[in-house]
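Quick caveat: nothing in here was measured; it's all calculated off a predicted structure.
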Amino acid sequence: MDGPEAQSSAQGERKEVKTSRKAALKRTAGTKPKRKKTPRLDYTVQQGEDMLLVISNPMPDYEGSAWAPKKKGGKKKAAATAKGKNKTENNMKKKVKPKVGNKALIKEEEKHLSVEVPLGSVGHRWGQSLPEEVLINIFHMVVAQDGAVPFLCRVGRVCRLWNAAASTPLLWRSVTVGHCWIAPGKNQLPKTEQKVKDTVEWLAQSRFSQLRHFSLCHWKQNVDFVLEVVSRFCPHLHSLKLSYCSGLTASAFLSLGLNSRSLQNLNLQNSEFQVDGLLEFLECHGGQIRQILFTHGLKNDKLMAAITRGFCPDLELLEVNTKLNSKDCELSICVQALQMVCPKLKTFRMLNVRPHHKTMRNAADPPPGFPLLEELCIATASHSYMTDRDLMDILHGSRRLRVLDVRGCARITPSGLAALPCPELECLFWGQYFSSHSSSLPKRGFNLVTEKWCQTLRELDIANQMFTEDDLEVAMSFLAQAPDVETLRSLNLSGTKITPSALRSVVGQLTALQYLNLSSCRYLPRGVKRLYRGQGDIRQLLDKLD
């Protein structure tokens with residue numbers, strides 16, 4: 001009776017064993033064998049350009065910082081890692097032995113590059129060990145090229161080391177501040193205006209202790225505030241430049257006079273200012289001014305008159321200019337009075353201005369001229385009334401003249417230039433770039449100019465001067481026969497009647513020539529009439545002329 005029940009129980013046991021075996025096989029088939037992780041290198045060494053060795057850390061130095069990217073599933077993994085802290089601490093004590101292949105790879109790299117990198121310095125940042133003097137020198141090179149603002153303001157927010165280097169007063173000696181926060185000409189909100197003032201005041205107090213040169217560009221508001229703050233906190237201010245600024249009143253000039261006792265250079269070109277305030281400043285403190293530059297206008301005639309009355313006796317540079325499209329470009333000036341009150345003048349520029357000469361009345365002695373004058377510029381884009389006599393009145397005592405710019409002065413002749421008492425002229429700019437005002441009649445006598453200054457001329461510009469072919473050939477022969485053939489560096493013959501024979505003598509002899517302009521020269525063959533730069537390019541021209 002027990003036979004069937006025993007058989008059924010035995011069959012059930014067999015089925016259970018089979019199912020357990022199948023489940024075990026499935027589990028073993030689904031799981032892959034674990035691979036031993038190879039130790040990850042803490043650094044990589046690569047050979048870059050110019051034999052430089054680049055050592056980089058593949059592991060980020062910013063783990064755990066605010067700049068590290070957030071990982072997905074952070075809460076779950078944090079709980080799991082918290083449970084396994086004890087296990088990892090025990091495992092960290094055990095040394096992980098790398099495979100033989102990794103060791104061989106590391107040894108081959110070390111032999112090839114001969115570089116030893118300590119593993120303990122992986123997390124050490126290079127910026128913490130960089131000497132501050134080296135960083136200051138790097139910043140100084142950038143500031144010399146791009147300016148102190150906004151570069152130093154931005155790099156000072158990188159870290160404490162960069163902030164200390166960017167705060168060095170040596171880097172803040174020359175500062176140019178353009179308009180910020182809003183576009184020029186638009187109205188400022190009260191909060192924005194206060195933010196501007198707070199920033200300027202903080203810079204003046206914290207950074208401008210050694211400021212020498214300060215420039216303000218395109219400011220239509222708060223100009224008085226900026227100058228008052230800068231003059232109050234910058235006792236060493238030497239040069240002030242305002243470019244396209246407006247709203248400058250007498251209060252700013254008063255603050256400059258009280259605080260900026262070292263101010264010597266004043267540049268007010270293309271800016272609107274209160275003339276009476278500037279006149280009061282020059283009347284009291286004009287003795288310290290060495291350079292002054294301004295734009296000519298109806299309101300600024302008083303400024304030129306004040307200078308000729310002796311408000312700036314130690315003036316060394318005087319520049320008056322106007323825009324090219326300006327209709328009012330006639331300037332009344334008494335050259336004789338200026339020569340008497342400004343004997344130290346070295347640079348005198350009247351750009352695009354037609355000077356209207358006045359004579360002194362009851363002058364007992366003749367004016368001494370400008371004995372120290374080195375540069376005279378009377379270039380103009382409109383019709384010029386300058387004659388040989390007017391030019392001689394300005395330069396009759398200027399034996400040190402080096403640069404003479406008379407572009408657009410069509411009434412000046414070669415004989416008038418040759419009569420000047422300037423034995424060592426280096427730069428002569430005599431081009432006629434506005435054909436509507438220049439004469440198309442043939443000219444002669446240019447050989448007088450090249451014969452006199454062939455030994456000293458470095459730059460010569462006679463563009464669109466209608467000298468004859470024979471006259472130009474003789475003049476170029478004097479340049480080619482100069483004792484020092486390495487003197488002339490730049491020659492502009494654009495629009496002239498230069499011939500291939502006259503040009504061949506110059507190009508073949510002047511070995512230091514780096515700039516040659518032959519555009520629009522009708523007497524030259526095709527393919528030659530262009531601009532040449534460099535001695536190699538000019539030598540190719542010589543081959544074409546042969």
Side-chain angles (χ1 to χ4, degrees), residues 350 352 354-355 376-396 401 403-423 425-482 488 490-507 510 513 515-525 528-529 531:
M350 293 180 287
N352 201 35
R354 291 199 305 264
L376 175 64
C377 179
I378 49 178
T380 179
S382 58
H383 186 67
S384 176
Y385 300 107
M386 182 69 63
T387 61
D388 293 341
R389 183 177 178 180
D390 298 332
L391 188 62
M392 181 60 72
D393 291 340
I394 299 175
L395 299 175
H396 68 86
L401 192 70
V403 180
L404 179 59
D405 190 350
V406 288
R407 287 175 292 181
C409 300
R411 296 188 179 187
I412 294 178
T413 63
S415 58
L417 292 175
L420 295 176
C422 314
L425 191 68
E426 296 180 359
C427 302
L428 176 61
F429 305 100
W430 195 20
Q432 304 294 327
Y433 292 95
F434 303 93
S435 59
S436 59
H437 303 298
S438 60
S439 176
S440 59
L441 298 176
K443 297 181 180 180
R444 294 182 179 274
F446 185 59
N447 59 303
L448 299 175
V449 177
T450 57
E451 183 180 4
K452 181 175 183 178
W453 292 311
C454 63
Q455 300 181 8
T456 59
L457 276 178
R458 294 180 177 269
E459 298 184 24
L460 178 61
D461 179 8
I462 56 168
N464 301 316
Q465 288 283 5
M466 293 293 103
F467 293 105
T468 61
E469 305 94 295
D470 299 336
D471 192 75
L472 285 175
E473 188 167 358
V474 176
M476 294 298 109
S477 65
F478 282 110
L479 292 177
Q481 296 174 5
L488 192 64
S490 175
L491 181 60
N492 190 350
L493 301 173
S494 175
T496 61
K497 297 181 180 180
I498 190 72
T499 58
S501 59
L503 187 61
R504 191 180 300 110
S505 62
V506 177
V507 176
L510 301 179
L513 196 63
Y515 177 90
L516 179 62
N517 193 348
L518 301 177
S519 58
S520 303
C521 294
R522 299 180 180 180
Y523 289 80
L524 295 179
V528 176
K529 298 178 285 186
L531 178 64

Side-chain touch [X]/[Y], heavy atoms, less than 4.5 angstrom:
{"X": "Ile498", "Y": "Tyr523", "result": "no"}
{"X": "Val507", "Y": "Leu516", "result": "yes"}
{"X": "Glu459", "Y": "Leu488", "result": "no"}
{"X": "Ile378", "Y": "Cys409", "result": "yes"}
{"X": "Lys497", "Y": "Thr468", "result": "no"}
{"X": "Leu493", "Y": "Leu503", "result": "yes"}
{"X": "Thr496", "Y": "Asn464", "result": "no"}
{"X": "Ser501", "Y": "Glu473", "result": "yes"}

**OP:** Report the C-alpha separation of Leu417 and Asp388 in whole Å, then their side-chain angles, then the decisive distance to 0.1 Å, and conclude whether the side-chain contact (heavy atoms from CB on, under 4.5 Å) test is met.
**Re:** CA-CA 8 Å; Leu417 292 175; Asp388 293 341; over 6 Å; no
Can you tell me if [X] uses its side chain to pair, donor with acceptor, with the backbone of [Y] under 3.5 Å?
{"X": "Asp471", "Y": "Phe446", "value": "yes"}
{"X": "Lys443", "Y": "Met466", "value": "no"}
{"X": "Thr450", "Y": "Ala475", "value": "yes"}

Subject >> Partner residues of Trp430 under the ring-ring contact (aromatic ring centres under 6.0 Å, His included) criterion, sequence neighbours left out >> reply: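 By the ring-ring contact (aromatic ring centres under 6.0 Å, His included) rule, Trp430 matches Phe467.
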Original post:
Where is the tightest heavy-atom contact between Gly445 and Pro414, given as atom of each residue plus distance?
Top reply: O-CB, 3.2 Å
**OP:** Quick one: closest heavy-atom pair of Ser384 and Gly408, and the distance?
**Re:**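 For Ser384 and Gly408, the tightest heavy-atom pair comes out as CB-O, 3.8 Å.
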**OP:** With side-chain contact (heavy atoms from CB on, under 4.5 Å) as the test, would you mind laying out the steps for Leu428 and Leu457 before giving the verdict?
**Re:** CA-CA 8 Å; Leu428 176 61; Leu457 276 178; 4.2 Å; yes
**OP:** Could you please spell out the steps behind the side-chain contact (heavy atoms from CB on, under 4.5 Å) verdict for Met386 and Ile394?
**Re:** CA-CA 11 Å; Met386 182 69 63; Ile394 299 175; 4.3 Å; yes
Euclidean distance, [Y] [atom2] relative to [X] [atom1], rounded to 0.5 Å:
{"X": "Tyr385", "Y": "Thr380", "atom1": "OH", "atom2": "OG1", "result": "10.5 Å"}
{"X": "Ile412", "Y": "Arg389", "atom1": "CD1", "atom2": "CZ", "result": "14.5 Å"}
{"X": "Asp461", "Y": "Gln432", "atom1": "CG", "atom2": "CD", "result": "9.5 Å"}
{"X": "Leu518", "Y": "Leu531", "atom1": "CG", "atom2": "CG", "result": "8.5 Å"}
{"X": "Lys529", "Y": "Ser520", "atom1": "NZ", "atom2": "OG", "result": "8.0 Å"}
{"X": "Leu472", "Y": "Glu469", "atom1": "CG", "atom2": "CD", "result": "8.0 Å"}

**OP:** Begin with the C-alpha distance, continue with both residues' side-chain angles, and end with the deciding distance and a verdict on side-chain contact (heavy atoms from CB on, under 4.5 Å) for Leu460 and Trp453.
**Re:** CA-CA 10 Å; Leu460 178 61; Trp453 292 311; over 6 Å; no
Subject >> Check: Ser494/Ser519 side-chain N/O donor and acceptor closer than 3.5 Å >> reply: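 Per modelled atom types, Ser494 and Ser519 side chains form a pair under 3.5 Å.
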**OP:** For the residue pair Thr387 and Asp390, confirm or rule out a side-chain donor-acceptor distance under 3.5 Å.
**Re:**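 Note: Thr387 and Asp390 side chains meet the donor-acceptor criterion.
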**OP:** Test Cys422 against every option in Leu404, Leu401, Leu376 by the side chain to side chain contact (heavy atoms under 4.5 Å, CB included) rule and name the one that passes.
**Re:** Leu401
